[in-house]
Amino acid sequence: QRISFCAEIMAMIKHYGQHRCVSAARKTYVTKCRCLLIFYHDSIFQHDMAMNAAECVFSFYTRRKKTQSLVIKNNIQAAVSVLKLMNVPAHVVPKNYILPGVFTIYGNRRYQVHICENAFIRLFGLGYPKFLVIKKDINNPKDKQHGLTNKISNNLIGKQAMWNEIVGL
């Protein structure tokens with residue numbers, strides 16, 4: 001199961017590496033970014049990098065939903081802090097999302113692979129609305145609670161009002 005999942009993810013990464021990144025907000029808009037191109041070439045090194053990226057995605061999907069949300073929050077916090085340090089305008093989508101455990105080598109040094117926000121959303125299967133909810137809630141260290149936690153539901157309030165009307169209270 002793990003091997004087939006990783007093979008599917010590798011195929012997806014290599015497929016998206018052939019093309020430019022597609023905007024997560026507007027699915028028909030193709031951006032100028034080609035951050036997944038480094039996984040596309042057919043060398044052994046690129047194959048290992050794609051396999052490491054697939055392992056990263058696999059380890060993400062084997063976690064519970066709350067843990068997945070916290071992992072995404074952590075990655076968004078790191079990306080936002082880099083943006084603040086670089087004074088990048090808000091409309092620019094830089095390549096500052098890190099894939100943990102995926103490295104590239106230039107010369108004698110190893111660097112972590114950075115991808116854009118659109119590729120990050122697509123790779124981890126978030127969906128743009130869910131990503132925005134998580135991004136808005138990054139300052140909260142805990143998982144977001146349901147809106148009616150420790151409150152009476154509107155349905156029960158309505159039923160109680162109907163009962164009070166029938167009884168004549």
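Residues take their numbers from the sequence shown, with the count starting at 1.
Without hydrogens or angle criteria, Arg122 side chain to Gly127 main chain gives no donor-acceptor distance under 3.5 Å.
Rounding to the nearest 0.5 Å gives a distance of 12.5 Å between CG of Leu36 and NZ of Lys14. Put simply, CZ on Phe60 and CG on Leu99 are 12.0 Å apart, with the number rounded to the nearest 0.5 Å.
Residues Arg34 and Arg20 approach most closely at CG-CG, 3.7 Å, considering heavy atoms. Nearest heavy atom pair, residue Ala53 against residue Ile13, reads CB-CD1, 3.6 Å. Across Tyr97 and Cys116, no two heavy atoms sit closer than the pair CD1-C, 4.0 Å. Across every non-hydrogen atom of Ile134 and Ile76, the tightest pair is CG2-CD1, 3.9 Å.
In this structure Ala78 satisfies the side-chain contact (heavy atoms from CB on, under 4.5 Å) test with no other residue, sequence neighbours excluded. Residues forming a side-chain contact (heavy atoms from CB on, under 4.5 Å) with Leu156 (at least two apart in sequence, or on another chain): Ile152, Ser153. Shown here are the side-chain hydrogen bond (donor to acceptor under 3.5 Å, both in side chains) partners of Gln68, two or more places apart in sequence or in another chain: there are none. For Met51, the side-chain contact (heavy atoms from CB on, under 4.5 Å) partners two or more places apart in sequence, or in a different chain, are Cys6, Met10, Glu55. Here Phe58 pairs with Phe5 under the ring pair (Phe, Tyr, Trp, His ring centres under 6.0 Å) rule; sequence neighbours left out.
When side chains are defined from C-beta on, Leu70 does not count as touching Lys66, because their heavy atoms never get closer than 4.5 Å. For the pair Leu123/Met12, a side-chain contact is recorded, criterion being any heavy-atom separation below 4.5 Å from C-beta on. You'll find the side chain of Asn74 reaches within 4.5 Å of the side chain of Gln77, heavy atoms only. Put simply, the side chain of Phe131 does not reach to within 4.5 Å of the side chain of Asn118, judged on heavy atoms. When side chains are defined from C-beta on, Cys21 does not count as touching Phe120, because their heavy atoms never get closer than 4.5 Å.
With hydrophobic clusters built from ILVMFWY side chains whose heavy atoms lie under 4.5 angstrom apart, Ile9 does not share a cluster with Val22. Cluster annotation: Ile98 is not connected to Val113 through the hydrophobic network of ILVMFWY side chains, with a link wherever side-chain heavy atoms come within less than 4.5 Å. Taking hydrophobic clusters as Ile, Leu, Val, Met, Phe, Trp and Tyr residues chained together by side-chain heavy-atom distances below 4.5 Å, Ile115 does not share a cluster with Val30.
Applying the ring-ring contact (aromatic ring centres under 6.0 Å, His included) rule to pairs touching residues 16-38 yields His15-His19, sequence neighbours excluded.
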